[in-house]
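Input: a single structure, listed below in structure tokens.
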Protein chains: 2
Amino acid sequence: MDKRERLIESTRELLWERGYVGTSPKAIQERSGAGQGSMYHHFQGKSELALAALARSADDLRARAEAEFSAPGSVVERVTVYLRRERDVLKGCPVGRLAQDPDVMADADLRKPVEEFFGWLTGRLAELLGEGRTAGELDAELDPLATATALVAVLQGGYILARAAGSPEVFAKAVDGALGLLATKET
Amino acid sequence: MDKRERLIESTRELLWERGYVGTSPKAIQERSGAGQGSMYHHFQGKSELALAALARSADDLRARAEAEFSAPGSVVERVTVYLRRERDVLKGCPVGRLAQDPDVMADADLRKPVEEFFGWLTGRLAELLGEGRTAGELDAELDPLATATALVAVLQGGYILARAAGSPEVFAKAVDGALGLLATKET
DNA sequence: GTCTATATTCGGATAGAC
DNA sequence: GTCTATCCGAATATAGAC
């Protein structure tokens, strides 16, 4: 792996672990094994490097979700697979974490991948729930967009509650609660 | 308001806006109008001051929630009032925000109020849902603890989605989705 | 109690040699 | 491309005067 690549991957890890304000160029250099000159040769500065890292993380999450959403199975099955997929719960969401970071949200370029990822995810899930409703698998009264938003929120909030408790089981509990409520809407 | 008090209140604001790693002693001093000497006279350092600020924020949230939970009305009514209460959505949750902060979670003292607040909130809400179930207001199949965890997660995740989108309406959408699902469990 | 002065390390970046 | 040297201000404190 060349230095440029190592810089991006190290930045992804650090943004995940410590957020943007908590990640220093020095820490990136140490983890990647690249020196200052190398870093400032490949990237203009911290924010440009963070953008490359963040965009890649968002793309990864999107690809994984889409693979699950477009797999065979009923809508509820696919949503369940997505919600219950194994996750590094105590580390949290590599993209959602940055929505809390003031310096990320203050920078339009950095903010864009975060906004787009959640916009896509919520919309795609709403689409899926809409299909389920049309197919008669889900109650006609179910609001696809509101429900999709709530499900994505359960995941993001689940990460927070699990970290607060120091236990991944809390995340699973939140997902159980959401699926328990959704089950009632199955026809 | 004396300096000690101003220091705590300024720290609460900054922790809310910028998190723990993003808040410097200098910023606290500037906002509070206290000098360095004053700050280090009243508190041993940044972490002790943050603890005082965080504990107070958690106490406030708890008191507000308890007032809503113990008000008159059916269980679903009280839960709805709590979920729909007006919030500073784009600022996020002053306590939940810190669950994402690595330096807060790494310090047992700082972590404690976060863990206790969410433990209390989830438990209290589960208790309420349990009462509703016993009273026949909610479906006998509803799992109080899992449902309570999901509802708290919707709030915490709602903050994140709203910040990502730059719009408080996304928070409201998530709450709508959760209440829409819960409504099906009403008998 | 509050202030100013000082110390040390880090954050974020530039300059120029190899 | 990558390295080392250097810069300047911020972060987190301590010391001691008032």
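Lettering follows sequence order; numbering is per chain, from 1.
In this structure, A:Ile28 places its CD1 atom 16 Å from P of C:dC10, rounding to the nearest Å. One interatomic measurement links the two molecules: NZ of A:Lys46 to C1' of C:dC10, which rounds to 12 Å at whole-angstrom precision. Distance, A:Leu49 CG to C:dG11 C1': 15 Å, rounded to whole Å. A straight line from CZ of A:Arg18 to P of C:dC10 spans 13 Å, rounded to a whole angstrom. The distance from atom CE of B:Met39 to atom P of C:dA5 is 19 Å, rounded to the nearest whole Å.
At the phosphate of C:dG11, neither OP1 nor OP2 sits under 4.0 Å from any side-chain N or O atom of A:Lys26.
In this structure, A:Lys112 is not positioned above the aromatic face of A:Phe117 in the sense of NZ or CZ being under 6.0 Å from the six-membered ring centre and within 45° of the axis. Geometric assessment of B:Arg97 against the ring of B:Trp16 yields a negative cation-pi assignment under the 6.0 Å and 45° thresholds. Judged by the 6.0 Å distance and 45° axis criteria, B:Arg87 is positioned over the aromatic ring of B:Tyr82.
Counting non-hydrogen atoms under 4.0 angstrom, A:Gly37 reaches a base of the nucleic acid. If you check every strand for non-hydrogen atoms under 4.0 Å, B:Thr23 touches sugar and phosphate atoms only.
Chain B approaches DNA chain D over the interval D:dA10 to D:dT14, counting the first and last nucleotide 5' to 3' with an atom under 4.0 Å from its heavy atoms.
At a threshold of 4.5 Å between non-hydrogen side-chain atoms, the residues A:Tyr159 and B:Ile160 do not count as touching. Between B:Leu15 and B:Pro94, the closest side-chain pair of non-hydrogen atoms is not below 4.5 Å.
Side-chain contact check for B:Thr23 and B:Arg18: no donor-acceptor pair (N or O, by modelled atom type) lies under 3.5 Å.
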